[in-house]
Amino acid sequence: LAGALLTAGLAAAPPADAAYKPHVAVVSCEESYAEDWYNTQGSNQGLVGLAGLVGVPYDTLTLTEFLASPASNYTSVWFARCLYVNNDRIGSLVTRLGSHTAAGGSVFFDAPLAIAYRDGGVVRYRPMSTTFPALGITDRDWQPMQNATVRTTGSAHQVAVRFGLPPATS
């Protein structure tokens with residue numbers, strides 16, 4: 001997970017004349033928390049722990065706070081199990097994701113993003129592809145992930161340093 005996150009979220013090279021200063025938004029969707037607080041909270045804690053592990057500054061935000069914040073505040077946005085996003089907010093989310101990625105920002109999510117919502121007490125589902133244009137991805141970009149490992153290649157890697165693993169350890 002950490003290797004995928006670093007590849008997707010923090011590996012973008014800065015312009016030659018600028019220092020890269022990552023700043024992550026760990027976003028929790030209120031609707032997801034209301035539907036499944038246990039797993040949503042666990043996801044939040046995991047992503048905050050990961051940000052601390054890799055040493056990037058982060059803010060924890062609700063989706064409401066994220067949508068209201070300036071897009072330039074964050075180099076990467078990490079969504080913590082944001083499966084549920086109500087219909088009245090999906091358009092704002094897609095617009096914000098599009099402006100964030102167009103400005104060179106990255107996005108990470110640990111579960112399908114914004115695929116469910118409540119409609120008169122009934123849970124309804126929308127295709128995950130609703131967010132794809134804003135993220136610049138297609139269905140063919142998705143690959144199943146099973147039995148993932150993190151393999152370090154040097155003793156200076158954060159995982160090796162924090163856990164004392166020698167290089168090439170899975």
Side-chain angles (χ1 to χ4, degrees), residues 1-37 39-119 123-143 145:
L1 178 64
L5 176 62
L6 290 176
T7 300
L10 299 176
D17 60 342
Y20 182 61
K21 295 178 182 167
H23 189 194
V24 171
V26 177
V27 178
S28 176
C29 296
E30 297 95 322
E31 297 94 328
S32 293
Y33 191 85
E35 291 292 334
D36 182 11
W37 72 267
N39 288 306
T40 302
Q41 182 63 24
S43 174
N44 277 301
Q45 291 171 343
L47 292 181
V48 164
L50 186 58
L53 178 68
V54 298
V56 297
Y58 64 89
D59 293 332
T60 55
L61 307 170
T62 63
L63 181 59
T64 300
E65 293 168 328
F66 171 68
L67 292 174
S69 67
S72 60
N73 281 3
Y74 304 101
T75 55
S76 189
V77 181
W78 301 354
F79 287 95
R81 195 171 171 80
C82 284
L83 284 89
Y84 288 82
V85 173
N86 289 338
N87 270 344
D88 61 341
R89 294 164 25 120
I90 190 69
S92 297
L93 175 60
V94 169
T95 299
R96 179 64 187 276
L97 288 173
S99 63
H100 178 74
T101 57
S106 60
V107 175
F108 173 81
F109 38 96
D110 64 353
L113 181 61
I115 62 163
Y117 60 96
R118 282 235 173 234
D119 179 17
V123 174
R124 306 243 187 245
Y125 295 93
R126 69 174 65 89
M128 190 162 164
S129 59
T130 302
T131 59
F132 284 3
L135 298 172
I137 57 177
T138 65
D139 287 338
R140 73 175 186 281
D141 294 323
W142 290 96
Q143 302 296 322
M145 187 170 119

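As the structure is a prediction and not an experimental result, all values here were calculated from the model.
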- Query: Do Val27 and Tyr74 come within less than 4.5 Å of each other through their side chains, counting heavy atoms only?
  - Reply: no
- Task: Using the side chain to side chain contact (heavy atoms under 4.5 Å, CB included) rule, take Val123 and Arg118 through it: C-alpha gap first, then chi angles, then the decisive distance, then the call.
- Result: CA-CA 5 Å; Val123 174; Arg118 282 235 173 234; 3.5 Å; yes
- How long is the span from the OG atom in Ser76 to the NE2 atom in His23, to the nearest 0.5 Å? 11.0 Å
- Message: Among residues at least two apart in sequence or on other chains, which ones pass side-chain hydrogen bond (donor to acceptor under 3.5 Å, both in side chains) with Asp119?
- Response: Arg124
- Which atoms form the tightest heavy-atom contact between Pro70 and Arg96, and what is the distance? O-NH2, 3.3 Å
- Message: Quick check: closest heavy atoms across Arg81 and Ser43, and the distance to 0.1 Å?
- Response: N-OG, 3.3 Å
- Item | Short side-chain to backbone donor-acceptor contact, Thr101 and Ala134, under 3.5 Å | yes
- Query: CG of Leu83 to OG1 of Thr40: how many Å apart, nearest 0.5 Å?
  - Reply: 7.5 Å
- Can you check whether Asn86 reaches Glu30 side chain to side chain, under 4.5 Å on heavy atoms? no
- Can you check side chain to side chain contact (heavy atoms under 4.5 Å, CB included) on Glu31 and Tyr117, steps first, answer last? CA-CA 8 Å; Glu31 297 94 328; Tyr117 60 96; over 6 Å; no
- Determine the minimum heavy-atom distance between Leu61 and Glu65, stating which atoms define it. CA-OE1, 3.3 Å
- Message: In the structure I gave you, are the side-chain heavy atoms of Leu97 and Leu113 within less than 4.5 Å of one another anywhere?
- Response: yes
- Find the distance between CG (Leu67) and OG (Ser69) and round it off to the nearest 0.5 Å. 7.5 Å
- Test Leu47 against Tyr58 for side chain to side chain contact (heavy atoms under 4.5 Å, CB included), laying out the working first. CA-CA 10 Å; Leu47 292 181; Tyr58 64 89; over 6 Å; no
- Task: To the nearest 0.5 Å, tell me how far Thr60 OG1 sits from Gln45 CD.
- Result: 11.5 Å
- Task: Assess whether side chain to side chain contact (heavy atoms under 4.5 Å, CB included) is satisfied between Leu63 and Phe79, documenting all intermediate values.
- Result: CA-CA 9 Å; Leu63 181 59; Phe79 287 95; 4.3 Å; yes
- Task: Please round to the nearest 0.5 Å and tell me the distance separating atom OG1 of Thr75 and atom NE2 of His100.
- Result: 7.0 Å
- Message: So which atom in Asn39 and which in Asp36 form the shortest heavy-atom distance, rounded to 0.1 Å?
- Response: ND2-OD2, 3.0 Å
- Quick one: pull up SG in Cys29 and CG in Leu93 and give me the separation to the nearest 0.5 Å. 7.0 Å
